[in-house]
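Taking it in order: structure first as structure tokens, then the write-up.
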Amino acid sequence: MPELPEVETFKRFVGCHALGKKICKVQVLHAKILEGVPAERFIAAIEGCCLSGTLRRGKHLFVALEPVNARQKGVAKPWLYLHFGMTGYLSYTEQGKTMVNAYGDSSRPDAHVRVRFCFEDDSYLDFHEQRLFGKAGLVDNPQDYLENRHLGPDALTVERQPFIESLQSRKGQIKPVLLNQSMVAGIGNVYADEMLFQCRIHPERRVAELTEADLQCLYAQMVDVLQNTVDVGSDRAQLPPYYLIHVREKKGRCPRDKTLLTVKTIGGRTTYFCPVCQH
DNA sequence: TTTCATGTTCAGCA
DNA sequence: GTGCTGAACATGAA
């Protein structure tokens with residue numbers, strides 16, 4: 001479920017708990033999570049480094065590695081790359097106490113740890129990913145990596161006009177366009193539904209049919225919805241009561257008019273919307 | 001036992 | 001090249 005706000009929360013989590021710490025050991029508990037790098041090389045590249053910075057675009061997180069010992073100094077280090085797939089999250093454990101993001105699952109702490117980064121002070125950072133759709137890897141240059149994947153600008157930093165122009169350059173239904181990471185990076189299924197609900201736009205509307213007001217609203221709500229979620233540390237329960245997210249379930253009712261929500265597959269993804277107030 | 005899930009990528013077709 | 005559909009990936013919950 002991690003979309004942009006959750007990954008931003010993970011980024012801050014790393015910044016808060018792990019930045020500046022030296023990694024003395026890396027454990028790869030499930031090699032399938034690694035993307036394009038053998039476990040030995042992944043481990044060798046990271047052990048002995050400090051985590052020295054973080055970078056995020058859309059749902060992609062990069063952590064800068066800085067060599068600590070003299071032999072490695074001056075050598076260009078790759079970045080640690082993390083993608084959280086559908087079920088990924090981080091936890092940090094110090095003196096037997098485990099901290100998990102609001103978003104994470106603390107009921108079965110070790111069940112899906114795929115990579116563990118151990119620090120010199122005996123604390124450690126765990127990358128959890130139940131379904132193995134996520135990825136961990138090494139990237140020489142995050143910009144090139146994102147470019148090669150045709151990733152669009154980040155949804156929280158893209159400016160209004162470029163966003164609207166990019167939207168208008170696409171054809172088809174609005175919802176699949178919002179989910180297209182090459183248009184804007186970071187919007188996932190849940191927040192796409194939320195933006196459309198807040199703007200009262202039907203998810204199957206063609207982009208070409210949207211009015212100027214619709215486009216302006218989408219930009220404003222994209223920023224609002226994502227920023228509001230970041231601001232509550234991705235604890236969705238704290239989002240405003242009029243958000244669709246609280247009733248985004250079978251038999252859920254529209255927060256505005258209490259109409260039974262429609263559930264429909266649009267662009268291959270389960271979509272919730274109010275058949276009365278979204279059109 | 002079967003269906004479904006919040007992400008991404010790719011094949012195939014128009 | 002774009003748009004659209006469906007499948008695949010792996011796991012567990014309902």
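Letters A, B, ... mirror the listed sequences (proteins, then strands); counts begin at 1. Worth saying up front: this structure is predicted, and the values here are computed from it rather than measured.
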Quick note, A:Q130 side chain, CB onward, closest among B:dT8, B:dG7, C:dG12 is C:dG12
Return the value, rounded to whole Å, for the distance between atom CD1 of A:I33 and atom P of C:dT11. 10 Å
May I ask you to say what A:T87 touches in the nucleic acid, namely base, sugar-phosphate or nothing, with a heavy-atom cut-off under 4.0 Å? nothing
Check the side chains of A:E194 and A:Q198 for a donor-acceptor pair under 3.5 angstrom, ignoring hydrogens and angles. yes
Checking N1-N3 plus N6-O4 or O6-N4 for Watson-Crick, or N1-O2 and O6-N3 for wobble, each under 3.5 Å, the partner of B:dT9 is C:dA7
Is the ring pair A:F42/A:F117 parallel, tilted or perpendicular, if the boundaries are 30 and 60 degrees? tilted
Listed nucleotide nearest any side-chain atom of A:K171, set B:dG7, C:dG3, C:dC4: C:dG3
Would you please classify the geometry between the A:Y81 ring and the A:F62 ring as parallel, tilted or perpendicular, with 30° and 60° separating the classes? tilted
Separation of atom CD1 in A:I187 from atom P in B:dG7, rounded to whole Å: 11 Å
Within the 4.0 Å heavy-atom criterion, would you say A:E3 contacts the bases, only the backbone, or no part of the nucleic acid? sugar-phosphate
Kindly assign one of parallel, tilted or perpendicular to the pair A:Y92 and A:F13, based on the angle between their ring planes and the thresholds 30° and 60°. perpendicular
Nearest listed nucleotide, side chain of A:R131, among B:dA5, B:dT8, C:dG3: B:dA5
In whole angstrom, give the distance that lies between atom CD of A:E35 and atom C1' of B:dT9. 11 Å
What does A:G268 touch in the nucleic acid at a heavy-atom separation under 4.0 angstrom: a base, only the sugar-phosphate, or nothing? nothing
Rounded to whole angstrom units, what separation is found between the NZ atom of A:K175 and the P atom of C:dG3? 18 Å
A:F133 stacking on C:dC9: centroids under 5.5 Å, ring planes under 30°? yes
Output the rounded distance in Å from CD (A:E204) to P (C:dC4). 11 Å
Closest listed nucleotide, where the reference is the side chain of A:H30 and the choices are C:dT11, B:dT9, B:dA5: C:dT11
Which nucleotide wins on minimum distance to the side chain of A:K32, given the candidates B:dA5, C:dC9, C:dG12? C:dC9
By nearest-heavy-atom nucleotide on DNA chain B, the more 5' of A:K250 and A:Q181 is A:K250
For the pair made of CG in A:L151 and P in B:dT8, what is the distance, rounded to whole Å? 8 Å
N or O in side chain of A:R170 less than 4.0 angstrom from C:dT2 OP1/OP2: no
Between A:Q238 and A:D235, is any side-chain donor less than 3.5 angstrom from a side-chain acceptor? yes
How close or far is atom C1' of C:dC4 from atom CG of A:N180, stated in whole angstroms? 12 Å
Distance only, no hydrogens: is a donor on one side chain within 3.5 Å (strictly under) of an acceptor on the other, for A:Q216 and A:R160? yes
Rounded to the nearest angstrom, tell me the gap between atom NE2 in A:H150 and atom C1' in C:dT2. 14 Å
Are any of A:R206's side-chain N or O atoms less than 4.0 Å away from OP1 or OP2 of C:dG3? no
Please determine whether a side-chain nitrogen or oxygen atom of A:H112 lies at a distance below 4.0 Å from atom OP1 or OP2 of C:dT11. no
When we call it a touch if two heavy atoms are under 4.0 Å apart, what does A:K135 touch: a base, just sugar-phosphate, or nothing? nothing
